[in-house]
Visitor: 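Quick one: the structure is below, and I'll ask about it shortly.
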Amino acid sequence: MIANKFNILPSEEGFYGNYGGQFVDETLKEEFNRIYREFLHWKDNSDFNAELNYLLKNYAGRPSPVYFAGNLSEKYGCKIYLKREDLNHTGAHKINHSLGEALLAKKMGKTKLIAETGAGQHGVAIATAAAIMGLDCDIYMGEVDIEKEKPNVDRMRILGANIISVTNGTKTLKEAVDAAFSAYINEYKTAMYAIGSAVGPHPFPMIIEHFQSVIGREARAQFIEQTGALPQCVIACIGGGSNAIGLFNGFLEDETVDIYGVEPLGRGKNPGDNAASMTYGKDGIIHGFRCKLLQDSQGNPANAYSVASGLDYPGVGPKHCYLNQIGRVKYDLIDDNEAISAFYELSKTEGIIPALESSHAIAYGLKLAKSGRYKNMLINVSGRGDKDIQFVLQNKQIGI
Ligand SMILES: *Cc1c(COP(=O)(O)O)cnc(C)c1O
């Protein structure tokens with residue numbers, strides 16, 4: 001095994017090949033470079049890691065198990081293993097990087113976290129991390145999303161976060177990101193920007209990737225312990241790409257392991273009907289970094305759609321773009337109906353209700369299992385589906 005043939009770090013300027021970088025103004029550049037230096041210092045600091053590992057274990061519930069899904073395996077003729085990020089505190093993988101970001105902010109002497117949220121999943125994880133670290137927390141959220149995502153808004157408020165309603169434009173995630181960024185420019189001396197996926201300007205993608213890599217490290221060791229060998233393939237869903245890069249990093253150097261990232265095809269391939277940035281996007285810049293980006297005819301970021309609101313981002317993390325370019329990871333598609341079918345299939349066959357985001361990875365795994373190509377596989381269940389139950393029941397016409 002050649003060390004780091006595929007699992008590369010970004011350049012000093014934050015590029016993975018052509019992707020990533022830091023397309024922001026000078027003030028932010030200076031601050032982001034400071035965060036970069038601090039991150040490089042703290043990530044190898046034994047006190048920092050002892051504190052983080054204590055929280056991951058005793059607060060978040062890690063390690064999350066790898067579970068052999070025996071019923072599914074029998075039904076589909078392939079040994080299917082699930083990495084259970086759905087069992088984490090707050091119900092998804094997002095707590096992994098939220099705790100890391102909050103601890104880093106605290107070590108840097110910051111007193112507040114600033115974040116945006118769409119469906120509220122990232123907001124809840126950040127509000128949770130802020131509560132345990134004793135930090136203030138401002139969450140920017142579109143007025144439309146505040147209305148739609150009431151349970152998560154209530155959760156964030158109970159956790160002590162301030163919800164700031166964003167009322168311009170489409171009043172959703174895109175405007176919330178802009179508002180959070182503007183607020184941050186005024187407050188960066190005391191506040192830390194807490195991004196929600198492996199996206200954004202350097203160094204955020206590498207910070208998120210670092211804190212999520214615990215998934216792949218654990219999963220590789222657990223799989224080997226249970227089966228005596230590596231999996232033949234691993235699968236994760238891709239929104240911005242944080243749960244996926246966390247899993248993939250554990251296996252990138254294992255060239256016998258095929259790796260699949262699953263993008264949401266939504267209602268179909270027409271613009272505005274999906275969030276398949278890698279498949280249908282062109283090189284472009286969004287939120288301070290270069291990636292495969294869904295764009296309208298003028299080259300502006302296009303509207304993205306998926307039944308899973310955690311996946312509907314028009315861009316995708318820079319390391320994924322690089323891994324796609326060099327062919328180490330295969331990126332493929334699952335539509336809304338296939339995801340909802342898999343949501344029911346895992347629920348009824350194994351008694352595990354997955355998030356609609358994770359259902360994309362499961363649907364793809366089941367397709368591969370049926371094809372007979374693999375004897376075993378490992379699928380990341382990035383989160384639990386409690387948040388999606390109302391929606392799925394109200395939209396019975398889709399998929400079933
Ligand atoms: C937010 C979310 C995702 C998508 O985010 P990534 O950064 O692509 O991992 C996937 N699954 C769940 C359960 C989520 O909450």
Side-chain angles (χ1 to χ4, degrees), residues 56-57 60-96 212-238 243-262 329-330 332 334 338-386 388:
L56 289 174
K57 178 168 179 221
R62 303 206 71 87
S64 67
V66 161
Y67 165 69
F68 173 60
N71 296 339
L72 266 192
S73 299
E74 196 167 318
K75 189 164 168 184
Y76 287 83
C78 173
K79 289 194 166 124
I80 300 171
Y81 292 80
L82 306 175
K83 178 64 171 162
R84 299 289 311 277
E85 292 298 297
D86 57 306
L87 292 175
N88 294 340
H89 180 45
T90 70
H93 68 289
K94 286 190 174 78
I95 194 70
N96 302 331
Q212 287 296 351
S213 294
V214 66
I215 300 175
R217 251 192 333 270
E218 284 176 7
R220 188 177 188 279
Q222 290 165 317
F223 197 94
I224 291 173
E225 189 193 310
Q226 289 182 32
T227 71
L230 286 164
Q232 293 184 332
C233 70
V234 302
I235 304 159
C237 67
I238 310 267
N243 87 88
I245 206 68
L247 178 72
F248 296 173
N249 274 1
F251 299 95
L252 282 173
E253 301 302 326
D254 300 313
E255 292 191 48
T256 59
V257 179
D258 291 346
I259 305 182
Y260 295 93
V262 185
V329 177
K330 181 170 166 51
D332 210 341
I334 283 293
E338 293 170 315
I340 290 176
S341 298
F343 172 92
Y344 278 106
E345 183 69 348
L346 189 66
S347 301
K348 289 184 198 300
T349 312
E350 294 288 348
I352 298 168
I353 303 177
L356 281 175
E357 291 82 3
S358 323
S359 301
H360 285 72
I362 295 152
Y364 196 76
L366 296 182
K367 250 191 195 178
L368 279 180
K370 265 194 263 182
S371 78
R373 250 178 97 183
Y374 297 106
K375 289 195 174 62
N376 66 47
M377 62 176 58
L378 173 66
I379 308 174
N380 201 27
V381 182
S382 53
R384 69 175 83 123
D386 307 34
D388 298 314

Visitor: For S73, give me all partners under side chain to side chain donor-acceptor pair (under 3.5 Å), at least two apart in sequence or on another chain.
Guide: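 Side chain to side chain donor-acceptor pair (under 3.5 Å) list for S73, sorted by chain: empty.
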Visitor: Mind checking the CD1-OG1 spacing from I362 to T349? Nearest 0.5 Å is all I need.
Guide: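 Output value for this atom pair is 10.5 Å.
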Visitor: Taking the side chain as every heavy atom from C-beta outward, state whether S359 and L346 have any atom pair closer than 4.5 Å.
Guide: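 No, too far: nothing below the 4.5 Å cut-off.
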Visitor: Taking all atoms of both residues into account, what is the closest heavy-atom pair of D254 and G250, and its distance?
Guide: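 Smallest interatomic distance, heavy atoms only, reads OD2-O, 3.5 Å.
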Visitor: Between the side chain of E85 and the main-chain N/O of S64, is any donor-acceptor distance below 3.5 Å?
Guide: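 Pair absent, no side-chain N/O of E85 close to backbone of S64.
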Visitor: I need the full list of side chain to side chain donor-acceptor pair (under 3.5 Å) pairs touching residues 221-234, with sequence neighbours left out, sorted by first then second residue.
Guide: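 Of all non-adjacent pairs touching residues 221-234, those that pass side chain to side chain donor-acceptor pair (under 3.5 Å) are K83-Q222.
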Visitor: Does A369 have any side chain to side chain contact (heavy atoms under 4.5 Å, CB included) partners at least two apart in sequence or in another chain, and if so, which?
Guide: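 Y76, C78, I80, M377.
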Visitor: Evaluate whether atom CD1 of I259 has more than 12 neighbouring non-hydrogen atoms of other residues, nucleotides or ligands under 6.0 angstrom away.
Guide: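 Yes - once you tally the heavy atoms of other residues, nucleotides and ligands closer than 6.0 Å, there are more than 12.
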Visitor: Any chance you could lay out the side-chain contact (heavy atoms from CB on, under 4.5 Å) test for L72 and L366, step after step, and finish with the verdict?
Guide: CA-CA 9 Å; L72 266 192; L366 296 182; 4.0 Å; yes
Visitor: Let me see the working for V329 and L252 under side-chain contact (heavy atoms from CB on, under 4.5 Å), right down to the final yes or no.
Guide: CA-CA 8 Å; V329 177; L252 282 173; 4.2 Å; yes
Visitor: Parallel, tilted or perpendicular: which one describes the rings of Y260 and Y364, with boundaries at 30° and 60°?
Guide: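 Tilted, since the angle between the ring planes falls between 30° and 60°.
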Visitor: To the nearest 0.5 Å, what is the distance between CG on L82 and CZ on F68?
Guide: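 Reported to 0.5 Å precision, the distance equals 10.0 Å.
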Visitor: Going by the rule side chain to side chain contact (heavy atoms under 4.5 Å, CB included), which residues pair with A361 if we only count those two or more places apart in sequence or in a different chain?
Guide: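 With neighbours one apart ignored, the set is I235, C237, I379.
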Visitor: To the nearest 0.5 Å, what is the distance between CD1 (I238) and CG (D332)?
Guide: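 Here the rounded value is 11.0 Å.
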Visitor: Look up atom CZ in F343 and atom CD in E357, then write down how far apart they are to the nearest 0.5 Å.
Guide: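 The CD atom of E357 is 10.5 Å from CZ of F343, to the nearest 0.5 Å.
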Visitor: For K348, what residues pass the salt bridge (Lys or Arg N to Asp or Glu O under 4.0 Å) criterion, not counting sequence neighbours?
Guide: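 Result, salt bridge (Lys or Arg N to Asp or Glu O under 4.0 Å) vs K348: none returned.
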Visitor: Which residues pass the salt bridge (Lys or Arg N to Asp or Glu O under 4.0 Å) test with K367, not counting sequence neighbours?
Guide: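 Partners of K367 under the salt bridge (Lys or Arg N to Asp or Glu O under 4.0 Å) test: E338.
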Visitor: I need the minimum non-hydrogen distance between V381 and P354, along with the two atoms involved.
Guide: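 Nearest pair, atom of V381 first, then P354: CG1-CB, 4.3 Å.
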Visitor: Sequence neighbours excluded, which residues qualify as ring pair (Phe, Tyr, Trp, His ring centres under 6.0 Å) partners of F223?
Guide: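 Only Y81 meet the ring pair (Phe, Tyr, Trp, His ring centres under 6.0 Å) criterion with F223.
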Visitor: Stepwise, does the side-chain contact (heavy atoms from CB on, under 4.5 Å) test hold for F251 with L378?
Guide: CA-CA 11 Å; F251 299 95; L378 173 66; 3.9 Å; yes
Visitor: Run the side chain to side chain contact (heavy atoms under 4.5 Å, CB included) test against A236 and tell me which residues pass, sequence neighbours left out.
Guide: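 Per chain and number, A236 pairs via side chain to side chain contact (heavy atoms under 4.5 Å, CB included) with N243, A244, L247, F248, N380.
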Visitor: Got a second to check how far I95's CD1 is from N88's CG, nearest 0.5 Å?
Guide: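 One finds 8.0 Å between CD1 of I95 and CG of N88.
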Visitor: Tell me, please, which residues at least two apart from R384 pass side chain to side chain contact (heavy atoms under 4.5 Å, CB included).
Guide: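 With neighbours one apart ignored, the set is D86, D386.
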Visitor: With sequence neighbours left out, what residues match D388 under side chain to side chain donor-acceptor pair (under 3.5 Å)?
Guide: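 Listed in chain order: nothing, the list is empty.
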Visitor: Determine whether a donor-acceptor pair (N or O, by modelled atom type, separation under 3.5 Å) exists between the side chain of S358 and the backbone of S382.
Guide: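 A pair under 3.5 Å: yes.
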Visitor: Measure across N71 and E350 and return the closest heavy-atom pair with its distance rounded to 0.1 Å.
Guide: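 Minimum heavy-atom separation between N71 and E350: N-OE2, 3.0 Å.
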Visitor: Sequence neighbours left out, what passes side chain to side chain donor-acceptor pair (under 3.5 Å) with N249? Give chain and number order.
Guide: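 N249: side chain to side chain donor-acceptor pair (under 3.5 Å) contacts with E209, S213, K319.
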Visitor: Does H93 have any side chain to side chain donor-acceptor pair (under 3.5 Å) partners at least two apart in sequence or in another chain, and if so, which?
Guide: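 With neighbours one apart ignored, the set is S242.
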